[in-house]
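Below: the structure, in structure tokens.
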Amino acid sequence: MKYFILGILLMLYYSPLSAQTATPEIPNASYNDIAAVFPDPTSPTGAVIIYNPTICQNIGAACGFFRVHEHGHVALGHHLNPHIHPFQREFDADRFAATYAAPNEVFTAWQFFVSGWSSPNIAVYDTPANRAKRVCAFAKQINNWIGPTHAC
């Protein structure tokens, strides 16, 4: 029985959601983007997430999607493996966020992308329209989609 409980505890500790609770989030109103992961050897996960609370206030629930997206980078070990192609890292982090963010955060991020907002770095993030379709499809796969059924 004690091995069963130990196994459950280890599974929870190493689950993607544990990265969300173990990685510190630091608000920084002078940061010039929504959020990003930075290495930090003092953090339990070896990283911290810096986010701009002013931008987050302006984009509403979509900020939750982007913060979970950054936690996805940590949970997937992207900060430890620089050899993963940047497009693949962002693709994986979008899938993570579409899976673990609240449905209203996913939908609000989708609206953000549909309206043409995203990073100008299309080589890494793809076009806003394609990113919207991808996030919608990921969320639909795991029943985390509350938007229009024809969206993706």
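All values derive from a computational prediction rather than experimental measurement.
- Arg67 places no side-chain N or O within donor-acceptor distance of the main-chain N or O of Ala35, the cut-off being under 3.5 Å.
- For Lys133, the NZ atom is loosely surrounded, since the number of other residues' heavy atoms within 6.0 Å does not exceed 12.
- With hydrogens and angles ignored, the 3.5 Å screen pairs a side-chain donor or acceptor of Asn52 with a backbone N or O of Tyr31.
- Interatomic distance, Asp92 CG to His69 NE2, rounded to the nearest 0.5 Å: 9.5 Å.
- At least one side-chain heavy atom of Glu90 sits under 4.5 Å from a side-chain heavy atom of His73.
- In this structure, the ring of Phe107 has its center less than 6.0 angstrom from the ring center of Trp110.
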Problem - side chain to side chain contact (heavy atoms under 4.5 Å, CB included) between Glu25 and His71, intermediate numbers included - result: CA-CA 9 Å; Glu25 291 187 4; His71 282 286; 2.7 Å; yes

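- Taking the six-membered ring wherever Trp is involved, the centroid distance between the rings of Phe112 and Phe65 does not fall below 6.0 Å.
- Put simply, the side chain of Tyr51 reaches to within 4.5 Å of the side chain of Pro27, judged on heavy atoms.
- Taking each heavy atom of Ala22 and Ser43 in turn, the nearest pair found is O-OG, 4.2 Å.
- At a threshold of 4.5 Å between side-chain heavy atoms, the hydrophobic network of Ile, Leu, Val, Met, Phe, Trp and Tyr places Phe91 and Ile84 in two separate groups.
- Hydrophobic clustering of Ile, Leu, Val, Met, Phe, Trp and Tyr side chains at less than 4.5 Å, counting indirect connections, keeps Phe66 apart from Tyr125.
- Within 6.0 Å of atom CG in Asn32, 12 or fewer heavy atoms from other residues, nucleotides or ligands are found, so the atom counts as exposed in its surroundings.
- Between Ala62 and Thr108 the shortest heavy-atom distance is N-CG2, 3.5 Å.
- Under the 4.5 Å side-chain heavy-atom criterion for ILVMFWY residues, a single connected hydrophobic cluster contains both Phe113 and Ile34.
- Taken together through direct or relayed side-chain contacts under 4.5 Å among Ile, Leu, Val, Met, Phe, Trp and Tyr, Ile49 and Ile55 form parts of separate hydrophobic clusters.
- Atoms CG and CD1, from Asp33 and Ile50 in turn, are 12.0 Å apart once rounded to the nearest 0.5 Å.
- Across Pro128 and Ser118, no two heavy atoms sit closer than the pair CG-CB, 3.8 Å.
- When side chains are defined from C-beta on, Asn144 does not count as touching Thr99, because their heavy atoms never get closer than 4.5 Å.
- A distance-only check finds a donor-acceptor pair linking the side chain of Glu105 to the backbone of Ala102 [under 3.5 Å].
- Val135 and Phe87 fall into different hydrophobic clusters, where Ile, Leu, Val, Met, Phe, Trp and Tyr side chains are chained together by heavy-atom contacts under 4.5 Å.
- His78 places none of its side-chain heavy atoms less than 4.5 Å from the side chain of Val37.
- Residues Gln57 and Pro53 fail the side-chain proximity criterion, which asks for heavy atoms closer than 4.5 Å.
- Annotation: the span from Asn121 atom CG to Asp126 atom CG amounts to 11.0 Å, rounded to 0.5 Å.
- Interatomic distance, OG1 of Thr127 versus CD1 of Ile122, reported as 6.5 Å (0.5 Å rounding).
- Ile142 and Ala98 make their closest contact through CD1-O, 4.0 Å (heavy atoms, listed as atom of the first residue, atom of the second, distance).
- Minimum heavy-atom separation, His79 to Val74: CE1-O, 3.5 Å.
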